[in-house]
Each structure stands twice: as structure tokens, then as C-alpha cells.
Number of protein chains: 2
Amino acid sequence: MPRSQYHLTQSEENYIKAIFALSGSSDDSISTNLLAERMSTKASSVTDMLKKLAEKELLTYTKYQGCTLTETGRNVAISIVRKHRLWEVFLVDKLQFGWDEVHEIAEQLEHIQSAQLINRLEEFLGFPKVDPHGDPIPNREGKFENIPARSSLSSCEIGTKGIVMGVEDGSPEFLQYLNRIELKLGSEIEIADKLSFDGSLVVIIDGRTTQFSHLLAAKIFIQPTS
Amino acid sequence: MPRSQYHLTQSEENYIKAIFALSGSSDDSISTNLLAERMSTKASSVTDMLKKLAEKELLTYTKYQGCTLTETGRNVAISIVRKHRLWEVFLVDKLQFGWDEVHEIAEQLEHIQSAQLINRLEEFLGFPKVDPHGDPIPNREGKFENIPARSSLSSCEIGTKGIVMGVEDGSPEFLQYLNRIELKLGSEIEIADKLSFDGSLVVIIDGRTTQFSHLLAAKIFIQPTS
DNA sequence: GATAAAATTTAGACTTGTCTAAAAAATGTT
DNA sequence: AACATTTTTTAGACAAGTCTAAATTTTATC
């Protein structure tokens, strides 16, 4: 299905992307305040923008009830995610950036308008299926192909072994910490223990033992092998 | 010399770039109307923007007298030109775009903010010296290195032979016409005749004879070999 | 050198996206 | 169910960048 050819401002695109990210797989509506916090803006600004985006039929908006993306809105969001992730692959694979350095640049590049550009970039990169953080890249039709089952490390039992398939994108500090302990996509990981009093985990990464807080563990996704 | 780290809007960058392009090698001041025409906007809008850019010390502006870029302003302009041309090389060399297809996309990409990105891109491309239209690419210090002498075809005498070193960037129609007659950078070209009544030229391109209007010939630059 | 024409600036207005402060609706608590 | 709290919306304002129309300055012409 072709994506719609609306002209959206960067600001509009950022709202759509944020709503999509907050929605996840559920189709509950997103509240004004939640979105305001995500966008680092005020609720009143969000209300104004929601009215505009509803006018453009990218989402449905009911006063005091938050919003939900329409089919069109979701397609726009997926298109932006696709661009963001392909550019991240370009930056890491071709320009030798670290995975902790690419987010901000990709936030700019994701707004470049040219379907041809992004399709040729995808081909140039060899049709990658995931970005440098392990997040899946939707294809031209907006479908996420064969996503392998991933579990958050924090939801796994003691004794679980697995391969690191993904980490949360976003904060350079977090990714730099992973660099420091040499955790990468593909690393072998085992949960050696869980400390009940604070929920932190003792883990073994490629043979090296370290400790993760629950919060940190929640940002790491593995494919269990046992 | 490091380029300044101002935050400029896309609009401000576009004005700076246009003023730089209109200035050429001379340092005459650029008139409000000329700039308005170039930017496809109104003179009153230009006046407002010139005041703002003068405030930021990117140009000097005297009422009713037009403007001139400052050293800083010129550096900003050169940085934008550098980005534009490197992205054009990327699009043509790596993503297989035609030289007639890249201008518009590069107009967007040139506003991406990241010195590291553009320096790594330059390295990835093998430090190209010219863009796909033969225009020189300034280095990190903002210098245009060893520009070979180029003459506009329209300024050459009958009998001149040369190599096509550059063509004017901008209009896809013009570049598509050059594709049709198979004129490329590096083509051998000879001026067989000049028709005095309309100023048009009879030229031989890689052995094929064709005719150029004076206006068209002015947009083609050669390095004379005889 | 006066005057007409052209170029340029000013004044006031509009749009986009944001803000603060106040009003209105929804939610939670007893 | 009534009241308090939280969430959300409205109203009015502001900055950026643009516009039109009117005023001003420069330039060209007689």
C-alpha cells in the first residue's frame, strides 16, 4: 500500500512518531499529558497540535479522551521509523559511527522527503532487517517482517541463557555504558542470579560477570536459547 | 579555521547561501530585489531577514544599500555548499541517482547539522574534489583547492577544443537535455562554428555534431586543450 | 535641480508552533 | 453524592517568517 503524500512539518512528524511509539502494540488512546511529557512541551501545545492532526485525518481526537492514530497516521509513523532506522544503519555500517552516536543525527535525517532516496538507501545497505540497536526496520510496504521473539532481560528467569538481540535506543549514556562492559548485539548472556531485595541481576556476558539493575535489564532484549 | 557553531534556521541558511552564490568572486553588495527574486519571495521579507542576519553578524546591511557577507557569513555559506556538494556525490556515486535528480534532495540534506557526519561522509566518498556537475567541493577548512581553469563554452573561439569540466547545477530539464545528447563531464568538445546572427554554436561532442544556443553554451564549462 | 520612476523599507496582518494563566471536565476520595 | 484533585482545554500572547499596501529613499531623466 502506498504511503500518503501529505506535506507534514517536522513538528507534525515528530508528534506522529511519538504517538506511534507510545501506542506500542495496543490501540488504547494516548493522553495529552503523556504526549506532552514525551515531547518536552506543554499540554496546551499538544491540544492545539492534536486538533490540527485530527483535521488532517492522521488521528482521531476526542476532547478530554486523548488520541489514536488512524491507518494513515500509522503509515506515516512507520515511514518515519523506517527512515530513522535505515539512516542509523548507514551511519554505523558505512560511516563508522558508534551505536551511541547515531540517534541525534538520524532524528534529523528521518525528515528528509524522498521515497526514492530511502528505497535506494535501503538497497545500498543490503536490505537490513534491524537497526544498530536491534530494532526491526519495516519494509517498503510498512510491514515488519519476521520479527524474532525477543524477551526483556528483566522478565527472564535465573538460569536463562540467550543472545542479545536488541537494546533500547535513545540515550547515549546508556549505550556508552554497554560499550564499556563490551555488550553488543550478538553477545551471549546468562542470568546467574537475581537479588530479591533490589531486583538487580547478576549476568554473565561473553564469559564476563557483571551486575544489572532491574531498570537497566529492562532495556536489554534477548532471544533465549535455553 | 573552525566554522562557527551558530544555530541557524533553514530559512536563514538559505538566505546566506543565496547571497554567497549571487556574490560570486566580487564583493559588491547584493540588492534586496535581486535576493528577493532568487529566493522567490518579496522584498519586504528580505529586508526583515537581512536585519536579523546583520544582528547575528553574518552580514553587513545598510538601509537601501543591500548587504555583503561577513567573514563568518561566508564561512557559513561555504559550509552549506560543502554539505550540498558532498551529498550530491553520495547520491550519484553510491545511490545511482542521475545528476539531474540530486539537486532537490541535496537542498534538504545540506541543512543536516553535524560536522562529524559531513567529514565522515567526505572520507567515505574518497575526498572528492568536485560534485556531479563539476563544481568544486571546499575542504574542511573551507578552501577550494586547485580549481582547474574553466571557461564558459560561450566565451570560447571557433576552433577551440576542450574537455567538459562542469555544467550549471539546478534545473533538471537542462541536465536531462544534456543526458539526451550524451554530454557528460569528461566529454571532448570542439567549437566547429559560431553563427553570428543569433550567437548560437555548432559543436562536436565526442564526434557527434549538434547546435547550442548562446544561453545554453554559457552553462557549460570546459578546460581548453587547444 | 526638479520630478518621475524604481527600489527599498515600514506598518500592520496572518500562520505556525509555542507559552502562561484561567476555566472546564474528568477522576478520586471520603 | 459532594468535594478536592488532577487532567485537559480555552483564551490570549509571543516569535519567526511571510505577505500586502503604503511610505520613503534612491536613481534616472529631462
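First the proteins, then the strands, lettered A, B, ... as listed; each starts at 1. Keep in mind that this is a model prediction, so the values were computed, not measured.
Considering only side-chain N and O atoms, B:Thr9 lies nowhere under 4.0 angstrom from the phosphate OP1 or OP2 of D:dA16. Checking the phosphate oxygens (OP1, OP2) of C:dA26, no side-chain nitrogen or oxygen of A:Lys63 falls inside 4.0 Å. Distances shorter than 4.0 Å separate some side-chain N or O of A:Asn33 from OP1 or OP2 on D:dT8. Proximity of B:Thr47 to the phosphate of C:dT10: no side-chain N or O atom is located under 4.0 Å from OP1 or OP2. For C:dT8, the OP1/OP2 oxygens have no side-chain nitrogen or oxygen of B:Tyr61 closer than 4.0 Å. Between B:Ser44 and C:dT8 there is no side-chain N or O to OP1 or OP2 distance below 4.0 Å. For B:Lys42 and D:dT20, the shortest distance from a side-chain N or O to OP1 or OP2 is below 4.0 Å. Distances shorter than 4.0 Å separate some side-chain N or O of A:Ser11 from OP1 or OP2 on C:dT18. One finds a side-chain N or O of A:Ser45 lying less than 4.0 angstrom from the OP1 or OP2 phosphate oxygen of C:dC19.
Residues A:Glu157 and A:Lys194 are not paired through a salt bridge, judged by the lack of any N-O separation under 4.0 Å between the basic side chain and the carboxylate. Contact check on A:Arg120 versus A:Glu123 returns no salt bridge, with no Lys/Arg side-chain nitrogen under 4.0 Å from an Asp/Glu carboxylate oxygen. By the 4.0 Å N-to-carboxylate-O rule, B:Lys17 lies close enough to B:Glu107 to be salt-bridged with it.
Following rounding to the nearest Å, A:Leu8 (CG) and C:dT16 (P) show an atom-to-atom distance of 13 Å. One can place CG of B:Asp48 at 10 Å from C1' of D:dA16, the figure rounded to the nearest angstrom. For B:Gln65 and D:dT24, the CD to C1' distance is 14 Å, given to the nearest whole Å. Atom-to-atom, CG of B:Leu50 to C1' of C:dT8 comes out at 11 Å; the value is rounded to the nearest Å. Rounded to an integer number of Å, the gap from NZ of B:Lys51 to C1' of D:dT18 is 14 Å. Rounding to whole angstrom units, CE of residue B:Met49 and P of D:dC19 are separated by 11 Å. Rounding to whole angstrom units, CE of residue A:Met39 and P of C:dT18 are separated by 7 Å. Between B:Leu35 atom CG and C:dT9 atom C1' there is a gap of 15 Å when expressed in whole angstrom units.
Nucleotides of DNA chain C nearest to A:Tyr15 and A:Tyr64 differ in position, and the one nearer the 5' end is that of A:Tyr15.
Distance CD/B:Gln10 to CD/B:Gln113: 8.5 Å, rounded to 0.5 Å.
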Can you check side chain to side chain donor-acceptor pair (under 3.5 Å) on B:Ser31 and B:Asn33, steps first, answer last? CA-CA 6 Å; B:Ser31 79; B:Asn33 262 2; over 6 Å; no
